[in-house]
Amino acid sequence: MQAFYALTPAPLGEWVQSQPVAVFAHDFWCRAMWLSDCDANTSGCSLYLVDFGGELHNIPRSDCRRLDKRFGHDPVVAVIMNFNLPDRPDADTLADLASLLSIESTVQGRITSHDCADIFLDSLPYQRVSLGLLLVQRRLEREGTMACLGVCLAANSAHDVYVVDGTKQEAFEAFQADFEVEMATSDLPPDLDLYAINAALFTDGRFYRCTTTAIDRDGKFTVQLVDFGNIFTTTADQLRGLTEELATADLLPDIIRVSGVPLAKAEDPAVVEELKTLCDKLCLYEPIDAEEQEEDGAPRECRVWDEHGRAVLTGNFESVCRFRTAGLRYKEDYHMGQKLAVFVSYAMSPEFIFLTKRCVTDMTVVSDPSLMELQVGLQKRCPEMPELACFPLEGTVVCARYAEDGCWYRGLILDFTKTEHKQANVFFIDFGNEDPVPLADLRGMTQEFFDYPMTVLQAQVAGLDHSAGYTDAEIAGVWDILKNCRCTFTIRFFEKFLAVGTLMLDDWGPSPLEEVLVRLHVLPAQRVIIQNFDDH
């Protein structure tokens, strides 16, 4: 490419969306894909470097050439992937993401679907730290909170979890190696008294320090490993005595209890089963109050994140956490090519709008008896439900009171405000709007309310370039146009909960939304994309 384009002065000429081009960037010629013009007042454009994975902006047209076909046969090197992050990234998270990925370290991916991957970074002293976990750690550091990155060793209950801080891991492994060498030649008889400290042979064929917690009539001993927390039954011939030095050596792991799980549910089988998925994997744990001194030997209350950066067992566990978005369903099955007569019930931006079906003959919303039945039930039951002890996990479906009318609705926890008085940002799944809700106005979901299907369709308008995002003025302008407007939405693509398609405004001609937005100067003409759905 360097030799060819050094002798090819002809510029690109006519611009076409997604056109393959050659661009002179970073002092050499490389392959790229044209995205859009940057500004109507400049000759600059935006490009995506297909072999390096980055975007370039304000590139002069004089630095671009039409990509010769001899350079178009080789497959691209860079791959666009979804990093499977647990939360929606904000500006700070995106900055952390760029910082972490710029570090010279090995990046490993485990592909989980056609365009998703779990990304891990090899970063000493840890191995294979997931991007999601590192992003949570960075966020906590920005908030002035110091969390520990370590390995979960065992979980007997939500109030008895053993983790070893990564900064102590090398010393911990060295102690276990020395202990194994000592046990290979030890012939000290065990102390068979209750609460005595000995060494016990575990299922992996190695000896570990243990404490006897019970002795039954048959002479069997229930022991708990001092350094790992595992509890099991053994016999006297599987025990060895310890020297005083080994018996009194410092305990390196931390014993914690997971925040938000009441004592009555700490040993629930479902709780323990979920916690056991953490074992032998990296996790992040943050003391709720770092200044608070716990009683000697008492576990410290901590928030915990798994290896992917997802919060573990937070919220009112008894009635809330099992209601997740995976169990939701729509009122009807949508398919490609389907045309819907709709109102826009809410517009977060042209990228995310929420549609309610309407009657074709007039302006009324299609009456849905099941939705009316759901709303009556929520108003009757929710005031009688107990308040939640703490905020549920992000992605949990709850009952939430909308401040504007004081009524109860089904809502999805999106994330949380960073204000002094913490609130949950709740998306109301049956109406499409979003609002911050305090803890006092949240209630646990019930199976009865959860089983009602959603009647609002989440949609994305095709024909617009969404990559640059939208200003508050643009979003307000879009909502002013769509409010109380009769529309026809044609589904061009549908997956899970999102429908992508064209939105025709019946009261404007009819005319496509993108045409109306340009005509009224809500968006510049450069944001309009010509798309051929027949080739999709």
Side-chain angles (χ1 to χ4, degrees), residues 150-165 168-258 261 263-281 283 285 293-302 304:
V151 175
C152 179
L153 303 175
N156 301 304
S157 75
H159 290 189
D160 188 25
V161 180
Y162 281 65
V163 289
V164 59
D165 187 340
K168 301 178 182 178
Q169 191 168 359
E170 187 174 343
F172 180 69
E173 292 174 352
F175 174 79
Q176 295 304 323
D178 293 342
F179 187 84
E180 189 174 351
V181 171
E182 184 75 22
M183 288 299 99
T185 58
S186 174
D187 57 359
L188 290 175
D191 184 343
L192 301 181
D193 291 337
L194 194 61
Y195 306 121
I197 297 179
N198 294 294
L201 186 66
F202 194 53
T203 54
D204 61 0
R206 297 179 178 181
F207 280 94
Y208 300 95
R209 292 195 300 177
C210 72
T211 300
T212 302
T213 59
I215 305 173
D216 65 18
R217 295 179 179 180
D218 297 329
K220 291 185 178 181
F221 296 78
T222 299
V223 299
Q224 180 171 15
L225 300 187
V226 172
D227 301 292
F228 290 87
N230 306 73
I231 300 174
F232 59 98
T233 301
T234 188
T235 56
D237 62 317
Q238 303 293 309
L239 300 175
R240 298 288 185 273
L242 294 178
T243 63
E244 183 177 355
E245 180 182 2
L246 288 176
T248 59
D250 291 339
L251 177 66
L252 292 174
D254 296 321
I255 306 174
I256 65 173
R257 69 177 188 268
V258 182
V261 182
L263 182 60
K265 285 289 183 178
E267 297 183 6
D268 186 283
V271 175
V272 177
E273 189 66 26
E274 181 170 347
L275 288 172
K276 285 188 180 299
T277 63
L278 303 178
C279 294
D280 300 321
K281 298 175 183 176
C283 66
Y285 57 104
Q293 295 297 319
E294 300 283 356
E295 300 176 5
D296 290 342
R300 168 161 285 178
E301 183 179 7
C302 294
V304 182

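- Under a 3.5 Å cut-off, the side chain of T213 and the backbone N or O of T222 do form a donor-acceptor pair.
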Practice prompt. Would you please test T234 and L201 for side chain to side chain contact (heavy atoms under 4.5 Å, CB included) and show each step?
Written response: CA-CA 8 Å; T234 188; L201 186 66; over 6 Å; no
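- Taking 4.5 Å as the limit, some side-chain heavy atom of V226 sits within range of a side-chain heavy atom of L251.
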Discussion item. For L153 and V164: C-alpha separation, side-chain torsions, deciding distance, then whether side chain to side chain contact (heavy atoms under 4.5 Å, CB included) applies.
Written reply: CA-CA 7 Å; L153 303 175; V164 59; 4.1 Å; yes
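- Expressed to the nearest 0.5 Å, how far CZ of F202 lies from OH of Y208 amounts to 7.5 Å.
- Taking both residues in full, the closest heavy atoms of G241 and S186 are given as O-OG, 3.8 Å, listed atom of the first, atom of the second, then distance.
- A donor-acceptor pair under 3.5 Å links the side-chain atoms of D216 to the main chain of D218, judged by distance alone.
- Rounded to the nearest 0.5 angstrom, N156 CG and K276 NZ are separated by 6.0 Å.
- By the 6.0 Å contact criterion, CG on D193 is enclosed, its count of non-hydrogen atoms from other residues, nucleotides or ligands being greater than 12.
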Practice prompt. Could you please spell out the steps behind the side chain to side chain contact (heavy atoms under 4.5 Å, CB included) verdict for Q224 and D160?
Written response: CA-CA 11 Å; Q224 180 171 15; D160 188 25; 3.4 Å; yes
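- Remark: side-chain polar atoms of T248 are paired, donor with acceptor, to backbone N or O of E244 under 3.5 angstrom.
- In terms of heavy-atom proximity, L239 sits nearest to C210 at CD2-SG, 4.2 Å.
- With values rounded to the nearest 0.5 angstrom, F179 atom CZ is found 12.5 Å from R206 atom CZ.
- Once rounded to the nearest 0.5 Å, the distance linking OG1 of T233 with CD1 of I215 reads 12.0 Å.
- Between A199 and M183, the shortest heavy-atom contact is CB-SD, 3.4 Å.
- One finds the CD atom of E245 at 8.0 Å from the CD atom of E182 (value rounded to the nearest 0.5 Å).
- Checking side-chain atoms of Q238 against main-chain N and O of A200 turns up no donor-acceptor pair under 3.5 Å.
- F207 has its side chain out of reach of E180: every pair of non-hydrogen atoms, C-beta onward, lies at least 4.5 Å apart.
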Discussion item. Using side-chain hydrogen bond (donor to acceptor under 3.5 Å, both in side chains), reason through Y285 and D254 one step at a time and then give a plain yes or no.
Written reply: CA-CA 10 Å; Y285 57 104; D254 296 321; 2.7 Å; yes
Practice prompt. Check step by step if side chain to side chain contact (heavy atoms under 4.5 Å, CB included) holds for L278 and K281.
Written response: CA-CA 6 Å; L278 303 178; K281 298 175 183 176; 5.8 Å; no
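- Checking N198, L242, T243 one by one against L188, the side-chain contact (heavy atoms from CB on, under 4.5 Å) holds for a single residue, T243.
- A pairwise comparison of heavy atoms in I256 and C302 identifies CG2-SG, 3.7 Å as the closest pair.
- Across C152 and V163, no two heavy atoms sit closer than the pair CA-CG1, 3.7 Å.
- For F228 and F172, the ring centers are positioned less than 6.0 Å apart.
- Taking CG of L246 as the start and CZ of R209 as the end, the distance is 7.5 Å to the nearest 0.5 Å.
- Not a single donor-acceptor pair under 3.5 Å links the side chain of T212 to the backbone N or O of A214.
- The heavy-atom pair separating T235 from K220 by the smallest distance is CG2-CG, 4.4 Å.
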